[in-house]
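Report on one structure; see the data block that follows.
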Amino acid sequence: MEDSVLSRDSPVIVDQYIIKREGNNVCVKYPMILGLENAETVNSLIKTHISEVVERRSRVIRNQYYYEMRYQYEIEFFSDKFLSIRYEGWWEADDVGIQRIERTHTINIDIEEGKVVSKADMVKNSDRVFEMLMDNQFESVQLDEKEARPYFSPGDFIRQAEGLAGSHLDYYIRGDKFIITRQEIYDFTEYASRINEIKEYLNDD
C-alpha cells in the first residue's frame, strides 16, 4: 500500500494498493475507496476485476516462463453515483517471443447499487452507437504522441460482427465524454464522444 491520495472529483480518500508476483516482474496498482457507505462492496468489485486481469494475462505463461507486467490506474470519473477507473500498462514474455503488448482495461461501477455497469446497462441502442463508431463519428484520441487511428478495419470482419459487445471494445466515462477503447494486436486506441451527442442512445439512469 502506498500513500493515500484524493480523487479528482470527490473528497473521498483513495488508497493505492499493489499486486505483485514473486519470481516475475509484476506490479499492478489499483485503488481502494474509503469513506463510502458501501465501500466494502465497491472495493470488492475493484479488486476482483483487476485480479482477474492479472490472472488472465499470467495464466498461460505462469510457472513456465519469466514474464513482466505493469499497470497504473487513473480514476477518470467519480461522483456519489458513478465511478470509472481506467488502467493502462503492458505485459511481455521475451522467453516465448511475446513482445511488449500495451493494454488498457476499465471498470465502471454504480456506487448506489454496488454493481459493475456493463455496456448493455449503459447503452440502450448499441447498434447505433457502433454504427457511429464505424462511421468515425467518434473522435479518435491521440495517445502518447501516436497517430490517431480510425476505427474501421476492412479485414476485421469477425469483430465487426460482434458490434459494441465485442470483447476487444471497452468503455469508460471521463468528464462529459463517453470513451470507447479498442484493443489492437500490440496496443490500443480510444474513441470519444460527448455524452450529450449520444444521450438518446444511452439508458436514462
Side-chain angles (χ1 to χ4, degrees), residues 7-12 14 30-33 35-53 56 73-88 103-141 143 148-153 156-184 188-205:
S7 68
R8 289 187 310 199
D9 300 307
S10 171
V12 177
V14 177
Y30 67 97
M32 300 293 274
I33 313 299
L36 299 174
E37 290 185 4
N38 59 345
E40 184 175 351
T41 298
V42 171
N43 289 330
S44 177
L45 294 174
I46 295 171
K47 186 174 182 178
T48 297
H49 167 258
I50 194 59
S51 295
E52 288 175 351
V53 169
R56 185 167 64 249
Y73 72 87
E74 186 72 39
I75 296 177
E76 300 289 359
F77 187 91
F78 195 176
S79 72
D80 57 348
K81 296 182 179 180
F82 191 83
L83 170 66
S84 270
I85 302 171
R86 175 181 177 271
Y87 299 89
E88 182 176 343
R103 283 290 178 259
T104 183
H105 301 276
T106 67
I107 181 172
N108 301 280
I109 297 175
D110 182 325
I111 293 178
E112 290 185 323
E113 297 291 332
K115 67 175 185 178
V116 174
V117 180
S118 67
K119 280 179 280 191
D121 289 334
M122 183 171 290
V123 182
K124 65 182 178 183
N125 191 338
S126 58
D127 290 342
R128 178 57 187 143
V129 172
F130 187 67
E131 286 174 4
M132 294 176 66
L133 182 63
M134 290 280 288
D135 291 339
N136 294 318
Q137 295 181 42
F138 277 67
E139 175 190 359
S140 184
V141 180
L143 299 171
R149 291 173 288 187
Y151 174 80
F152 183 72
S153 175
D156 200 4
F157 296 117
I158 295 178
R159 285 183 166 181
Q160 289 176 23
E162 293 175 344
L164 196 66
S167 60
H168 66 301
L169 297 178
D170 219 335
Y171 71 103
Y172 66 94
I173 301 297
R174 176 190 290 161
D176 64 346
K177 291 184 177 180
F178 178 83
I179 300 178
I180 296 175
T181 69
R182 183 192 191 201
Q183 305 291 348
E184 309 284 357
F188 60 90
T189 51
E190 292 191 341
Y191 308 91
S193 174
R194 294 194 181 279
I195 292 176
N196 60 10
E197 294 178 356
I198 61 171
K199 189 174 181 179
E200 63 183 299
Y201 309 123
L202 304 179
N203 288 315
D204 294 336
D205 56 353

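Here, residue 1 is the first one in the sequence, and each next residue gets the next number.
Although no hydrogens or angles enter the test, the distance criterion places a donor-acceptor pair under 3.5 Å between the side chain of Ser51 and the main chain of Lys47. Here the side chain of Tyr172 pairs no donor or acceptor atom with the backbone of Thr181 at under 3.5 angstrom. The closest donor-acceptor contact from the side chain of Lys119 to the backbone of Leu164 lies under 3.5 Å. No donor-acceptor pair closer than 3.5 Å links the side chain of His105 to the backbone N or O of Asp170. Remark: the backbone N or O of Tyr171 is paired with a side-chain donor or acceptor of Asn108 at under 3.5 angstrom. At least one donor-acceptor pair closer than 3.5 Å links the side chain of Asn38 to the backbone N or O of Ile111. Here the side chain of Glu190 pairs no donor or acceptor atom with the backbone of Ser140 at under 3.5 angstrom.
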Q: Start with the C-alpha distance between Glu197 and Gln137, add both sets of side-chain angles, then the distance that settles side chain to side chain contact (heavy atoms under 4.5 Å, CB included), and finish with yes or no.
A: CA-CA 10 Å; Glu197 294 178 356; Gln137 295 181 42; over 6 Å; no

(Q) side chain to side chain contact (heavy atoms under 4.5 Å, CB included) for Leu169 and Gln183? Distances and angles first, verdict last. (A) CA-CA 7 Å; Leu169 297 178; Gln183 305 291 348; over 6 Å; no

Q) Does the side chain to side chain contact (heavy atoms under 4.5 Å, CB included) test come out yes or no for Ile173 and Phe82, once each step is laid out? A) CA-CA 9 Å; Ile173 301 297; Phe82 191 83; 3.6 Å; yes

Q: Assess whether salt bridge (Lys or Arg N to Asp or Glu O under 4.0 Å) is satisfied between Glu88 and Arg86, documenting all intermediate values.
A: CA-CA 7 Å; Glu88 182 176 343; Arg86 175 181 177 271; 2.9 Å; yes

Q: Any chance you could lay out the side chain to side chain contact (heavy atoms under 4.5 Å, CB included) test for Tyr30 and Ile46, step after step, and finish with the verdict?
A: CA-CA 8 Å; Tyr30 67 97; Ile46 295 171; 4.2 Å; yes

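Nearest heavy-atom pair across Pro31 and Ile75 is CB-CD1, 4.4 Å. Of all heavy-atom pairs between Lys124 and Glu200, the closest is CE-O, 2.9 Å. Heavy-atom minimum distance, Ile179 versus Ala192: CG1-CB, 3.9 Å. Of all heavy-atom pairs between Phe138 and Ile198, the closest is CZ-CD1, 4.4 Å. Here the closest non-hydrogen pair linking Thr41 and Gly114 is CG2-O, 3.6 Å. Nearest approach of Val129 to Ile180, heavy atoms of both residues: CG1-CD1, 4.3 Å.
Residue Asp110 is tested with Leu83, Val117, Val42 for a side chain to side chain contact (heavy atoms under 4.5 Å, CB included); the sole match is Val117.
Of the inter-residue distances, the one linking Leu133 atom CG with Ser126 atom OG reads 12.0 Å to the nearest 0.5 angstrom. One distance of note links CE of Met122 with CG of Leu202; it measures 7.5 Å at 0.5 Å rounding. Taking CD1 of Ile107 as the reference point, atom CD of Glu52 lies at 9.0 Å (rounded to 0.5 Å). Between the CZ atom in Phe178 and the CG atom in Asn196 there is a gap of 13.5 Å [rounded to 0.5 Å]. To the nearest 0.5 Å, atom CZ of residue Phe77 and atom NZ of residue Lys177 are 14.5 Å apart. For the atom pair CG (Asn125) and CE (Met132), the distance works out to 10.5 Å, reported to the nearest 0.5 Å.
Summarising the local packing, CD of Glu131 is surrounded by more than 12 heavy atoms from other residues, nucleotides or ligands at distances under 6.0 Å. The environment of Arg128 atom CZ is dense: over 12 non-hydrogen atoms of other residues, nucleotides or ligands sit within 6.0 angstrom. Taking a 6.0 Å sphere around NZ of Lys81, one finds it holds 12 or fewer heavy atoms contributed by other residues, nucleotides or ligands.
No side-chain N or O of Ser193 forms a donor-acceptor pair with one of Tyr191 less than 3.5 Å apart.
Between Asp176 and Arg194 there is a salt bridge, since at least one side-chain N of the basic residue sits less than 4.0 Å from a carboxylate O of the acidic one.
Using a 4.5 Å cut-off on side-chain heavy atoms (C-beta onward), Lys115 and Ile109 make no contact.
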